[in-house]
Amino acid sequence: MTISIAATTSDADLHARFDPIFARIAEGAVEREIDRRLAYDEAGWLREAGFGALRVPVEFGGFGATVRQVFDLLIDLASAESNLPQALRVHWSFVEDQRLSTDAQARERWLRAVADGRLVGNAITEPGVGAVDRYRTAVTRDADGLVLNGTKYYSTGSLYADHILVAADLDGERVSVLVDGDADGVTQHDDWDGFGQRLTASGTTEFVDVRVPEDRLLGAGYGAAGRTYGTSYLQLVQLAVLAGIAQRATDDAAAWVRDRTRSYTHATADLPRHDPLVQQVIGRLSAAAYSARVTVLAVADTLDVALDHAAQTGAFDDAHLDAAELASARAQATVIEQVLAATSQLFEVGGASIVSERLRLDRHWRNARTISVHNPLIYKLQSIGAHVLNDADLPYAWSAGSRTS
């Protein structure tokens with residue numbers, strides 16, 4: 001199996017198609033934050049425009065975009081609404097898996113479904129004991145076929161999606177199953193209570209005696225042993241969100257300063273926008289946004305290499321996967337630090353009025369702080385250090401839960 005690796009839709013054409021939608025989404029960002037209104041309409045606009053089909057090959061109705069092009073657009077979408085790229089995070093890896101599938105019939109089926117507007121959410125992480133050793137959510141067999149039972153948390157994006165990719169246990173093996181969001185026995189709750197990324201639909205999902213057709217059993221589940229492109233890819237979506245947050249924080253702070261006429265007796269200029277100290281803060285914000293973007297796109301280039309090689313040869317190269325994983329881990333450290341600093345420093349450009357609830361500028365720091373805990377940076381830094389010092393293998397599986405002694 002080989003697929004075309006060249007971009008088949010230009011950067012200009014992609015931006016011409018999606019930039020107006022991003023601008024429309026951005027218009028309601030503050031109101032959605034205030035009202036805690038999930039972005040159903042906005043996800044629908046993206047669906048109708050074919051945003052989920054960016055990586056689908058043209059022959060199956062998509063845009064044939066490169067990984068770099070996808071992440072360039074994800075940064076811009078995150079600038080408009082940081083919740084939506086995270087909500088679509090597993091959708092992108094699902095599409096990649098289908099692009100690389102050796103089952104030609106299933107591959108065409110699901111890629112065409114995505115091109116028709118289908119979106120995929122996820123149900124991977126489990127509450128409580130979790131899945132450090134094995135998933136408690138399980139697929140079993142009865143006389144009529146496969147049955148899924150279990151409870152998941154952080155089911156990011158599933159309320160916006162048509163299908164849910166579920167990580168489960170099947171006789172001690174980690175597997176993935178795809179279920180319909182409205183299937184009998186599926187109950188979704190919008191109970192995510194984090195102080196940021198409140199509109200990602202990252203709540204609890206319950207599966208009670210959900211029938212699973214055999215063709216919805218899609219292979220290894222998240223956290224399976226061995227190298228994978230998925231760890232770096234999914235982490236990079238989070239970094240793209242951070243880059244977009246940094247850009248929106250810069251734009252919002254600059255717009256606020258441009259319109260501000262109040263200053264201080266000891267300021268060096270009559271208007272804040274002419275004050276060198278204020279200009280320095282805006283410059284620092286702009287630099288952080290730029291640095292975060294180019295860092296994300298650099299990692300995307302390494303993923304393009306890994307995925308293109310796999311598409312052409314039918315197998316991943318270990319060196320490519322390690323390069324992508326290491327690049328993503330290193331980028332996580334720099335991007336998180338820059339964006340958290342920037343979203344805190346933006347308040348230095350003004351007085352008490354900049355913390356008005358009406359502006360909700362605090363959402364940028366809250367969202368950045370929330371997205372930055374995926375996966376914990378302290379462990380990523382340790383894994384980088386062990387690799388550099390001792391040539392230790394990079395970890396690819398990041399399951400959470402209670403560990404027994």
**Student:** Would you mind telling me which of Arg358, Glu357, His364 makes a side-chain contact (heavy atoms from CB on, under 4.5 Å) with Leu361?
**Tutor:**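 For Leu361, the side-chain contact (heavy atoms from CB on, under 4.5 Å) check succeeds only for His364.
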**Student:** Donor-acceptor check, side chain of Glu126 to backbone of Ala131, threshold 3.5 angstrom: yes or no?
**Tutor:** no
**Student:** Would the number of heavy atoms belonging to other residues, nucleotides or ligands and lying under 6.0 Å from CD of Glu31 be above 12?
**Tutor:** yes
**Student:** Between the side chain of Ser101 and the main-chain N/O of Asp97, is any donor-acceptor distance below 3.5 Å?
**Tutor:** no
**Student:** Verify, without hydrogens or angle tests, whether Arg134 (side chain) and Asp169 (backbone) share a donor-acceptor contact under 3.5 angstrom.
**Tutor:** no
**Student:** Over 60° means perpendicular and under 30° means parallel, so tell me whether Tyr229 and Tyr233 are parallel, tilted or perpendicular.
**Tutor:** perpendicular
**Student:** With respect to Glu81, which candidate in Arg32, Arg248, Gln86 satisfies the side-chain hydrogen bond (donor to acceptor under 3.5 Å, both in side chains) definition?
**Tutor:**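 Single side-chain hydrogen bond (donor to acceptor under 3.5 Å, both in side chains) partner of Glu81 among Arg32, Arg248, Gln86: Arg32.
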**Student:** Taking the six-membered ring for Trp, are Phe51 and Trp92 parallel (under 30°), tilted (30 to 60°) or perpendicular (over 60°)?
**Tutor:** perpendicular
**Student:** For Arg36, is there an ion pair with Glu33 - N to carboxylate O distance below 4.0 angstrom?
**Tutor:**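 No.
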**Student:** Assess whether a salt bridge exists between Arg211 and Asp184, defined as any Lys/Arg side-chain N lying under 4.0 Å from an Asp/Glu carboxylate O.
**Tutor:**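 Salt bridge flag = no for Asp184 with Arg211.
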**Student:** List the steps and the verdict of salt bridge (charged side-chain N to carboxylate O under 4.0 Å, His left out) for Glu42 and Arg37.
**Tutor:** CA-CA 11 Å; Glu42 292 74 14; Arg37 178 180 65 80; 3.1 Å; yes
**Student:** Exactly one of Ile34, Thr343, Ile245, Asp252 should register a side-chain contact (heavy atoms from CB on, under 4.5 Å) with Arg363. Which one does?
**Tutor:** Asp252
**Student:** Could you go step by step and tell me if Asp362 and Arg360 meet the side chain to side chain contact (heavy atoms under 4.5 Å, CB included) rule?
**Tutor:** CA-CA 5 Å; Asp362 63 305; Arg360 290 294 170 109; 4.0 Å; yes
**Student:** Between Asp103 and Arg109, does any NZ, NE, NH1 or NH2 come within less than 4.0 Å of an OD or OE carboxylate oxygen?
**Tutor:**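 Looking at Arg109 and Asp103, the cut-off is not met.
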**Student:** Below 30° counts as parallel, above 60° as perpendicular, anything between as tilted: where do the rings of Tyr154 and Trp192 land?
**Tutor:**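 The rings of Tyr154 and Trp192 stand perpendicular, inter-plane angle above 60°.
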**Student:** If you compare all heavy atoms of Leu285 against all heavy atoms of Ala249, which two are closest, and at what distance to 0.1 Å?
**Tutor:** CD1-O, 4.4 Å
**Student:** Would you check, one step at a time, whether the test side chain to side chain contact (heavy atoms under 4.5 Å, CB included) holds for His163 with Trp110?
**Tutor:** CA-CA 11 Å; His163 308 292; Trp110 289 114; 3.8 Å; yes
**Student:** Atom CG in Asn149, atom CD in Glu206: separation rounded to 0.5 Å?
**Tutor:**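 With rounding to 0.5 Å, CG (Asn149) is 11.0 Å from CD (Glu206).
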**Student:** Is the count of non-hydrogen atoms from other residues, nucleotides or ligands lying under 6.0 Å from Phe316 atom CZ greater than 12?
**Tutor:**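 Atom CZ in Phe316 is packed in, count exceeds 12.
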**Student:** Quick one: CG on Leu159 to OG on Ser202, what's the gap to the nearest 0.5 Å?
**Tutor:**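 So the CG of Leu159 and the OG of Ser202 are separated by 9.0 Å.
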**Student:** Would you confirm whether Arg17, through its side chain, and Ala49, through its main-chain N or O, come within 3.5 Å as a donor-acceptor pair?
**Tutor:**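 The answer is yes, because a donor-acceptor pair under 3.5 Å joins these two groups.
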**Student:** Using 4.0 Å as the upper bound for N to carboxylate O, is an ion pair formed by Arg68 and Asp304?
**Tutor:**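 Salt bridge flag = no for Arg68 with Asp304.
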**Student:** Taking the side chain from Asp275 and the backbone from Ala269, do they hold a donor-acceptor pair closer than 3.5 Å?
**Tutor:**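 Pair absent, no side-chain N/O of Asp275 close to backbone of Ala269.
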**Student:** Measure across Ser232 and Leu303 and return the closest heavy-atom pair with its distance rounded to 0.1 Å.
**Tutor:** OG-CD2, 3.4 Å
**Student:** In sequence, state the C-alpha distance, the side-chain angles, and the governing distance for Thr200 and Tyr160, and then conclude on side chain to side chain contact (heavy atoms under 4.5 Å, CB included).
**Tutor:** CA-CA 9 Å; Thr200 54; Tyr160 299 131; 5.9 Å; no
**Student:** Hey, are Arg293 and Asp72 close enough for a salt bridge, meaning a charged N less than 4.0 Å from a carboxylate O?
**Tutor:**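 Yes, Arg293 and Asp72 are salt-bridged.
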**Student:** Any carboxylate oxygen within less than 4.0 angstrom of a Lys/Arg side-chain nitrogen, looking at Arg47 and Asp162?
**Tutor:**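 Yes, charged N to carboxylate O under 4.0 Å.
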**Student:** For Val299, does its backbone N or O pair with a side-chain atom of Thr302 as donor and acceptor, under 3.5 Å?
**Tutor:**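 It does hold such a pair.
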**Student:** Do you know which two heavy atoms are closest between Ala306 and Leu321, and how far apart they sit?
**Tutor:**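 So the minimum-distance heavy-atom pair works out to CB-CD2, 4.5 Å.
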**Student:** For Trp45, is the NZ or CZ atom of Arg24 found under 6.0 angstrom from the centre of its six-membered ring and inside 45 degrees of the ring axis?
**Tutor:** yes
**Student:** Side chain of Ser372, backbone of Ile336: donor and acceptor closer than 3.5 Å?
**Tutor:**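 No: the side chain of Ser372 does not pair with the backbone of Ile336.
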**Student:** For Phe195, does the CZ atom sit with more than 12 other heavy atoms under 6.0 Å from it, leaving out its own atoms?
**Tutor:** yes
**Student:** On the ring face of Tyr135, is Arg174 found with NZ or CZ under 6.0 Å from the centre and within 45° of the axis?
**Tutor:**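 Positive - Arg174 is close enough to the ring of Tyr135 and near enough to its axis.
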**Student:** By salt bridge (Lys or Arg N to Asp or Glu O under 4.0 Å), which residues pair with Asp393, not counting sequence neighbours?
**Tutor:**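 For Asp393, no residue satisfies salt bridge (Lys or Arg N to Asp or Glu O under 4.0 Å) once neighbours in sequence are set aside.
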**Student:** For side chain to side chain contact (heavy atoms under 4.5 Å, CB included), just list the numbers for Leu77 and Ile25, CA-CA rounded to whole Å, side-chain angles, deciding distance to a tenth of an Å, and then say yes or no.
**Tutor:** CA-CA 8 Å; Leu77 174 58; Ile25 289 172; 4.0 Å; yes
**Student:** Kindly indicate whether the side chain of Trp365, heavy atoms from C-beta on, has any atom under 4.5 Å from the side chain of Leu346.
**Tutor:**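 With C-beta onward as the side chain, the pair stays apart.
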**Student:** Between Tyr396 and Asp322, is any pair of side-chain heavy atoms under 4.5 Å apart?
**Tutor:** yes
**Student:** Return yes if some donor-acceptor pair links the side-chain N/O of Arg369 with the main-chain N/O of Arg366 below 3.5 Å, else return no.
**Tutor:** no
**Student:** Is any NZ, NE, NH1 or NH2 atom of the basic residue among Glu214 and Arg141 found under 4.0 Å from an Asp or Glu carboxylate oxygen of the other?
**Tutor:** yes
**Student:** Short question: side chain of Arg216, backbone of Leu178 - any donor-acceptor pair under 3.5 Å?
**Tutor:** yes
**Student:** Could you tell me whether a side-chain N or O of Arg55 sits under 3.5 Å from a main-chain N or O of Ala65, the two making a donor and an acceptor?
**Tutor:**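 Yes; at least one donor-acceptor contact below 3.5 Å.
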